[in-house]
Amino acid sequence: MWTGRWWHAVQDRLPQGASVAPVIIATDKTQLTRFSASKSAYPVYLTLGNIPRAIRRKSSQHACILIGYLSRLFHDSIRIILEPLKEAGRRGIEVVGGDGLVRLVFPILACYVADYPEQCLVTCTKYGTCPKCRARADELAEIQHFARRTQPWTSSVIDHANISTKTDSAFRKQCMSQDVAGGVFEPFWLDFPHCDIHLAITSDVLHQLYQGIFKHMVEWCQELMDEEELDHRLRTLPPSYGVHHFHKGWSALGQVGGKERKNMARVLLACLIGKVPRGVIQAYRLTRFSSSQGSHH
């Protein structure tokens, strides 16, 4: 985030000497304990992009705070919770820094961290399409550039459908024809200064990369070499600091979660060298680049 063009673009819009405080919001619908039947909680967390990632990711540092719980009315609930950010983002607030100086700080909604279903809910995107671009569901596999989704475009689709239809079902149908979810008339992100909700959505590294692309890549590699050979290569890798050593290979693993797949991604390249075509190596390197970019954002 510190090296992103977004920060410089927002800074240019603020008064001379003002400081940006990029606000990062995260939501994750969580199933409660097995003793609570089907009940679930919907917490909302807040942190700041000014804080180094290594600090804000540690729960012991208390750099990420719980600011509320959402009801079933998602947009109405989060609008109430985040309402103070609108005025603060427009006028700024005076904050005393660690050096004792008072600065005018503008907290701006910069990132929204959520898994894919919540990304669609937040951005009012039709499920099965991209919350970042206007590619149709049957066009997602095509290698070409599509027009970006923007906050003004999404709100214009919703407003036009609201004006030109008379029933809720007709409103939803017209929105869905434009790949916009027709579940809300006024999204919570309207009127947030210097914010575009589609730009604010970050990659879901766990589900989309490690549990998605990388999972399929491992299955692809297992077709290029049998499991026994892959396990042998994993077992013979020399131990390395900070890298998990799979002394039994991968075929013996039971349930594989995000942490395990992240550890697997660190060693897979060493197992592929000299065995698979060059195109496989290039695809793997692209995946690792996407992983690092998603982590830094």
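Fair warning: this is a prediction, and the values are worked out from it, not measured in the lab.
- Scanning for side chain to side chain donor-acceptor pair (under 3.5 Å) contacts around Ser156 gives an empty result, with sequence neighbours left out.
- Figure legend: Arg134 and Trp153 shown as a cation-pi pair, the cationic atom lying under 6.0 angstrom from the six-membered ring centre and within 45 degrees of its axis.
- With sequence neighbours excluded, no residue forms a salt bridge (charged side-chain N to carboxylate O under 4.0 Å, His left out) with Arg172.
- For Lys173 (side chain) and Gly182 (main-chain N/O), no donor-acceptor pair under 3.5 Å exists by modelled atom type.
- Among residues two or more places apart in sequence or in another chain, the side chain to side chain donor-acceptor pair (under 3.5 Å) test is passed with Asp76 by Arg79.
- Taking the salt bridge (charged side-chain N to carboxylate O under 4.0 Å, His left out) definition, one finds that Glu87 meets it with Arg90, Arg91, sequence neighbours left out.
- Shown here are the ring pair (Phe, Tyr, Trp, His ring centres under 6.0 Å) partners of Tyr45, two or more places apart in sequence or in another chain: there are none.
- Applying the side chain to side chain donor-acceptor pair (under 3.5 Å) rule to Thr167 yields the partners Ser169; only residues at least two apart in sequence or on another chain are considered.
- In this structure His75 satisfies the ring pair (Phe, Tyr, Trp, His ring centres under 6.0 Å) test together with Phe188, sequence neighbours excluded.
- To the nearest 0.5 Å, the span separating CD1 on Ile25 from OG1 on Thr47 amounts to 9.5 Å.
- One finds the CD atom of Glu229 at 8.0 Å from the NE2 atom of His232 (value rounded to the nearest 0.5 Å).
- In this structure, the separation between CG on Leu109 and NZ on Lys86 is 10.5 Å, given to the nearest 0.5 Å.
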Derivation and outcome, side-chain hydrogen bond (donor to acceptor under 3.5 Å, both in side chains), residues Thr154 and His198: CA-CA 9 Å; Thr154 301; His198 296 286; 2.7 Å; yes
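- A distance of 12.5 Å separates CD of Glu94 from CG of Leu101, quoted to the nearest 0.5 Å.
- Atom CG of Leu82 and atom CH2 of Trp189 lie 14.0 Å apart (nearest 0.5 Å).
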Check: residues 238-253 side-chain donor-acceptor pairs under 3.5 Å, at least two apart:
unit_1 : atom_1 : unit_2 : atom_2 : d
His245 : NE2    : Arg235 : O      : 3.3
His245 : NE2    : Leu237 : O      : 3.0
Ser251 : OG     : Asp231 : OD2    : 2.3

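- Shown here are the side chain to side chain donor-acceptor pair (under 3.5 Å) partners of Gln11, two or more places apart in sequence or in another chain: there are none.
- Judged by distance alone, with hydrogens and angles left aside, the side-chain atoms of Gln61 form no donor-acceptor pair with the main-chain N or O of Arg56 at under 3.5 Å.
- Listed by chain and number, the residues in a salt bridge (charged side-chain N to carboxylate O under 4.0 Å, His left out) with Arg72 amount to none (sequence neighbours excluded).
- Looking only at atom types and distance, the side chain of Gln174 has a donor-acceptor partner in the side chain of His160 under 3.5 Å away.
- Residue Val184 comes nearest to Pro187 through the heavy atom pair CG2-N, 4.1 Å, listed as atom of the first residue, atom of the second, then distance.
- With contacts defined as side-chain heavy-atom distances shorter than 4.5 Å, the pair Cys133/Arg149 does not qualify.
- Smallest separation of non-hydrogen atoms from Ser155 and Leu190: CB-CD2, 3.9 Å.
- Interatomic distance, CD1 of Ile67 versus CG of Leu46, reported as 5.0 Å (0.5 Å rounding).
- The list of salt bridge (charged side-chain N to carboxylate O under 4.0 Å, His left out) pairs with a residue in residues 175-194, not counting sequence neighbours, reads Lys126-Asp179, Arg136-Asp179.
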Table please: side-chain donor-acceptor pairs of residues 114-121 below 3.5 Å, with sequence neighbours left out.
unit_1 : atom_1 : unit_2 : atom_2 : d
Asp115 : OD1    : Glu118 : N      : 3.3
Tyr116 : OH     : Gly128 : N      : 2.7
Tyr116 : OH     : Thr129 : N      : 3.1
Tyr116 : OH     : Thr129 : O      : 2.6
Glu118 : OE1    : Thr27  : OG1    : 3.0
Glu118 : OE2    : Lys29  : N      : 3.0
Glu118 : OE2    : Tyr42  : OH     : 3.3
Gln119 : NE2    : Ala114 : O      : 3.1
Gln119 : NE2    : Thr202 : O      : 3.1

